[in-house]
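Below: one structure, written as structure tokens.
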Amino acid sequence: MAVDVVIREIDAADTVPLRHSVLWPDHPVDYVLLPEDASGHHYGAFLPTSTSPVAVISVFIDSLPSAPAEVSASRTARFRKFACDPTYQGRGIGSRLLQHVFGVAAKELGCSVIWCDARLSASTWYERRGMQKFGEVFFKGEIEYVRMMRAL
């Protein structure tokens, strides 16, 4: 069941509570901080009556590692630390936030490709949103990841 949300740019600090509680709750808070946060663009999805985001995502200009030849000369964006409060998962909020970031990367950042390191357990979710796996499976701690990309 879809819910109404407002998507807007937020400060990096406003992404931290969800990054931590959803992605890495068993690690210290500083584990979810990125050195490049100051240069990124951060977005939150808000319920119309809420002051805290129910989903967050951060996007950066970042080249593709091991880029296929046809993409290596392109300007690329990478999204990181994409998290949705489990209470609101399955309602289309994350899909809308991701689509918003696809638009920002293409129109505002001038990118032709976007990519991420996706948890392998979420890779089919990303595939349903037009992303494709590339490269080998790898680990961050004990969690399996795969790189995924999409032309914009």
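Only this structure's heavy atoms are used, side chains among them; waters, hydrogens and symmetry mates stay out.
We find the CD-CD1 distance between Gln99 and Ile7 to be 9.5 Å, quoted to the nearest 0.5 Å. Here the straight-line distance linking atom SG of Cys116 with atom CG of Leu98 works out to 8.0 Å at 0.5 Å rounding. One distance of note links OG1 of Thr15 with CG of Leu34; it measures 8.0 Å at 0.5 Å rounding. Taken to the nearest 0.5 Å, the SG atom of Cys84 stands 5.0 Å off from the CD atom of Gln89. In this structure, Asp26 CG and Glu142 CD are separated by 10.5 Å, a value rounded to the nearest 0.5 Å. The CD atom of Gln132 sits 12.5 Å away from the OG atom of Ser123 when rounded to the nearest 0.5 Å.
Panel note: side chain Asp85, backbone Thr87; a donor-acceptor pair is recorded below 3.5 Å. At least one donor-acceptor pair under 3.5 Å links the side chain of His20 to the backbone N or O of His27. Put simply, the side chain of Glu144 never gets that close to the backbone of Ser121: no donor and acceptor are under 3.5 Å apart.
Pairs engaging residues 37-66 under the salt bridge (charged side-chain N to carboxylate O under 4.0 Å, His left out) rule: Arg19-Asp37, Asp62-Arg78 [sequence neighbours left out]. Judged as a ring-ring contact (aromatic ring centres under 6.0 Å, His included), the pairs with a partner in residues 113-132 (not counting sequence neighbours) are, in order, Phe79-Tyr126, Phe82-Trp125.
Heavy-atom contacts from other residues, nucleotides or ligands closer than 6.0 Å to NZ of Lys107 number 12 or fewer.
Cluster membership for Leu152 and Leu97, using ILVMFWY side-chain heavy atoms within less than 4.5 angstrom, is shared. Using a 4.5 Å cut-off between side-chain heavy atoms of Ile, Leu, Val, Met, Phe, Trp and Tyr, with links allowed through other members, Phe60 and Leu33 fall into different hydrophobic clusters. At a threshold of 4.5 Å between side-chain heavy atoms, the hydrophobic network of Ile, Leu, Val, Met, Phe, Trp and Tyr places Val137 and Met148 in one connected group. Linking Ile, Leu, Val, Met, Phe, Trp and Tyr residues whenever their side-chain heavy atoms come within less than 4.5 Å places Tyr31 and Ile143 in a single cluster. The same ILVMFWY cluster, assembled from side-chain heavy atoms under 4.5 Å apart, contains both Val29 and Trp24.
Every residue two or more places apart in sequence or in another chain was checked for a salt bridge (Lys or Arg N to Asp or Glu O under 4.0 Å) with Arg150, and none qualifies.
Across Leu23 and Ala83, no two heavy atoms sit closer than the pair CG-CB, 4.0 Å. Closest of all the heavy-atom pairs between Ala105 and Ala77 is CB-CB, 3.9 Å. When all heavy atoms of Pro53 and Leu18 are compared, the pair lying nearest together is O-CD1, 3.3 Å. In plain terms, the two heavy atoms of Gly110 and Arg75 that are nearest each other are O-CD, 3.5 Å. Taking both residues in full, the closest heavy atoms of Leu47 and Asp4 are given as CD2-O, 3.9 Å, listed atom of the first, atom of the second, then distance. Residues Ala13 and Pro17 approach most closely at O-CD, 3.7 Å, considering heavy atoms.
Residue Ile114 forms a side chain to side chain contact (heavy atoms under 4.5 Å, CB included) with just one option from Leu64, Val101, Thr76, and that option is Val101. The one candidate from Thr51, Ile10, Ile93, Val54 that meets the side chain to side chain contact (heavy atoms under 4.5 Å, CB included) condition with Phe46 is Ile10. With Asp117 as the fixed residue, the salt bridge (charged side-chain N to carboxylate O under 4.0 Å, His left out) test singles out one of Lys81, Lys133, Arg147: Arg147.
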* Any chance you could lay out the side-chain contact (heavy atoms from CB on, under 4.5 Å) test for Val56 and Asp14, step after step, and finish with the verdict? => CA-CA 9 Å; Val56 296; Asp14 295 329; over 6 Å; no
* Checking side-chain contact (heavy atoms from CB on, under 4.5 Å) for the pair Glu136/Tyr145: CA distance, chi angles, key distance, verdict? -> CA-CA 9 Å; Glu136 301 296 321; Tyr145 280 78; over 6 Å; no
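Between His41 and Tyr43, the ring-plane angle classifies as parallel under the 30° and 60° cut-offs.
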